[in-house]
A.B. asks: 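Sending over a structure as structure tokens; questions will come in a sec.
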Amino acid sequence: MSSVELKNVFKKYDGGVVAVSDFTLYIEDKEFIILVGPSGCGKSTTLRMIAGLEEISEGQVFIGERLVNDVQPKDRDIAMVFQNYALYPHMTVFDNMAFGLKLRKVPKDEIKRRVHEAARVLEIEHLLDRKPKALSGGQRQRVALGRAIVREPKVFLLDEPLSNLDAKLRVQMRIEITKLHQRLQTTFIYVTHDQTEALTMGTRIVVMKDGFVQQVDSPLSLYDKPNNMFVAGFLGTPQINFFNSMLTEKGSDLWLTFNNTSIKLPAEKATPTVREYLGKEVVMAVRPEAIRDDEAHLAISPDTKVTASVEVVEMLGSETLLYLTIDGVSAIARVNPRNTAAVGDVVPMCFEASRIQIFDKDTEKVIVN
């Protein structure tokens with residue numbers, strides 16, 4: 001098992017294109033870390049540099065205490081699981097899983113033991129004699145994972161391994177990969193553009209945009225305390241609501257005003273840093289679940305009350321999403337599934353004051369959250 005460290009890593013292509021800029025990160029032994037971001041943000045390129053499949057333009061990569069910049073991929077003691085499974089179609093499942101071990105001249109008895117053990121863990125022992133064309137997408141992905149497991153590597157690298165699966169199977173495989181990490185106790189580095197995968201699987205998440213690391217933190221900290229508007233908007237489904245607002249003062253209280261609606265900022269958020277923005281336009285952000293319609297919150301939150309017009313209602317069984325217009329601004333609220341609001345209704349709602357976040361409109365950096 002092993003830690004991984006990247007120090008000031010850059011990836012530059014011909015023509016001046018910079019895919020990854022100054023990437024610095026220490027990944028602890030046995031950690032499950034997720035690289036997440038939109039397409040083209042540099043996450044897969046970073047993973048491929050760790051694997052040795054992409055040359056590092058600047059910086060250093062360590063696996064354990066060993067500098068691996070000039071070490072061949074096969075000698076880095078890593079195993080990679082690809083998006084497209086990359087199975088050999090003419091080989092059985094057993095031979096696909098055993099192939100890497102045979103190249104390393106591992107004894108036949110040891111190969112058989114490792115393959116059967118991995119197949120048992122992944123519940124694919126009954127598939128060992130089949131060829132890939134006779135497998136479902138989920139079964140092929142398990143075989144690809146099994147091929148990595150038998151190598152017993154120091155580090156697992158997974159590049160969007162679930163993106164070719166249907167929604168139900170993705171949920172199932174998310175759980176299986178998480179259980180696999182807990183069982184193997186090995187370092188996992190996992191790339192995805194799906195923020196739900198990131199929030200549910202990782203011990204820490206690296207959020208990337210345009211080759212730059214935006215924030216590294218635990219899932220809950222990223223969700224509740226984002227560094228900037230990109231992180232706030234990227235993580236969470238439905239997306240966080242943004243309101244361009246003016247920060248004003250009435251007496252000793254601070255208020256956020258958009259159009260004709262004013263929201264009182266709770267005293268604990270009226271910090272000296274926030275007060276520097278008095279009279280200026282800022283961006284107020286509120287998560288969908290922090291826009292409340294229940295009587296209890298409405299009764300105790302008169303200073304954050306708003307009037308909302310219901311545009312669309314999505315009933316999802318466990319919850320209902322209301323697509324609203326609040327004083328000319330579009331917003332989404334996640335409410336109780338027993339909510340009876342209908343399209344065209346005008347309803348009272350309130351913002352959960354403690355969940356309000358404020359960002360600098362120009363720099364998009366957080367002011368308070």
Side-chain angles (χ1 to χ4, degrees), residues 6-10 18-26 33-43 46 193 195 198-199 202 204-249 253-259 261-291 304 326 329-332 351-369:
L6 296 91
K7 291 184 176 180
N8 309 111
V9 171
F10 286 77
V18 180
V20 177
S21 296
D22 200 15
F23 192 108
T24 297
L25 179 69
Y26 181 77
I33 200 145
I34 307 272
L35 306 184
V36 68
S39 296
C41 72
K43 55 190 185 297
T46 301
H193 64 270
Q195 44 90 17
L199 288 169
R204 278 194 304 159
I205 301 172
V206 180
V207 183
M208 297 183 68
K209 178 190 177 189
D210 299 333
F212 290 92
V213 174
Q214 302 293 306
Q215 189 171 352
V216 182
D217 216 326
S218 68
L220 189 59
S221 291
L222 283 173
Y223 190 77
D224 287 338
K225 299 185 180 300
N227 277 350
N228 56 47
M229 287 176 62
F230 174 78
V231 175
F234 188 79
L235 294 176
T237 304
Q239 184 176 315
I240 198 168
N241 300 292
F242 292 116
F243 301 84
N244 289 333
S245 308
M246 187 67 69
L247 186 66
T248 58
E249 188 173 27
D253 297 323
L254 298 188
W255 293 75
L256 292 157
T257 302
F258 60 96
N259 298 332
T261 298
S262 292
I263 304 293
K264 183 180 174 183
L265 199 61
E268 67 270 17
K269 290 186 181 286
T271 64
T273 302
V274 173
R275 289 184 176 275
E276 291 176 11
Y277 287 83
L278 275 171
K280 297 178 182 178
E281 197 170 15
V282 295
V283 178
M284 172 174 58
V286 186
R287 293 280 179 196
E289 63 271 21
I291 300 181
T304 65
I326 302 174
V329 181
S330 296
I332 306 173
F351 293 174
E352 219 175 307
S354 63
R355 299 284 301 277
I356 291 173
Q357 302 174 10
I358 306 175
F359 297 90
D360 185 303
K361 190 180 179 190
D362 296 323
T363 66
E364 300 192 350
K365 292 182 179 178
V366 69
I367 302 170
V368 71
N369 52 25

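What you are looking at is a predicted structure, and each value in this text was computed from that prediction instead of being measured.
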A.B. asks: Which pair of heavy atoms, one from Gln215 and one from Lys225, lies closest together, and at what distance?
C.D. replies: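 Of all heavy-atom pairs spanning Gln215 and Lys225, the closest is NE2-O, 3.2 Å.
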A.B. asks: How about Gln214 and Asn228: does a side-chain donor come under 3.5 Å of a side-chain acceptor?
C.D. replies: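 Side chains of Gln214 and Asn228: pair found under 3.5 Å.
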A.B. asks: Between NZ of Lys280 and OG1 of Thr248, what distance do you get to the nearest 0.5 Å?
C.D. replies: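 If I round to the nearest 0.5 Å, the distance is 14.5 Å.
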A.B. asks: Taking only residues two or more places apart in sequence, or in another chain, which ones meet Phe258 in a ring pair (Phe, Tyr, Trp, His ring centres under 6.0 Å)?
C.D. replies: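 So Phe258 forms a ring pair (Phe, Tyr, Trp, His ring centres under 6.0 Å) with Phe243.
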A.B. asks: So, Asn369 side chain and Pro226 main chain: donor-acceptor pair closer than 3.5 Å or not?
C.D. replies: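 Such a contact is found between Asn369 side chain and Pro226 backbone.
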A.B. asks: Name the atoms and distances for all side-chain donor-acceptor pairs under 3.5 Å in residues 351-358, with sequence neighbours left out.
C.D. replies:
| unit_1 | atom_1 | unit_2 | atom_2 | d |
| --- | --- | --- | --- | --- |
| Glu352 | OE1 | Arg292 | NH1 | 3.0 |
| Arg355 | NH2 | Glu289 | OE2 | 3.1 |
| Gln357 | NE2 | Asp224 | O | 3.2 |

A.B. asks: Compare every heavy atom of Arg204 with every heavy atom of Val216, then report the nearest pair and how far apart it is.
C.D. replies: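 Smallest heavy-atom distance, with atoms named: CG1-NH1, 3.6 Å.
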A.B. asks: Report the distance from atom CD of Gln195 to atom CD1 of Ile34, rounding to the nearest 0.5 Å.
C.D. replies: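 If we round to the nearest 0.5 Å, Gln195:CD and Ile34:CD1 are 12.0 Å apart.
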A.B. asks: Could you tell me the separation between the CG atom of Asp217 and the CD1 atom of Ile205, rounded to the nearest 0.5 Å?
C.D. replies: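 Nearest 0.5 Å value for the CG-CD1 distance: 9.0 Å.
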A.B. asks: Are Asp253 and Lys264 close enough for a salt bridge, meaning some N to O gap below 4.0 Å?
C.D. replies: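 Counted as a salt bridge, because a side-chain N and a carboxylate O are separated by less than 4.0 Å.
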A.B. asks: What I want to check is whether the side chains of Thr257 and Ser262 have a donor and an acceptor closer together than 3.5 Å.
C.D. replies: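 Short answer, yes.
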A.B. asks: With rounding to the nearest 0.5 Å, note down the distance linking CG in Asn8 to CG in Leu25.
C.D. replies: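 Nearest 0.5 Å value for the CG-CG distance: 12.0 Å.
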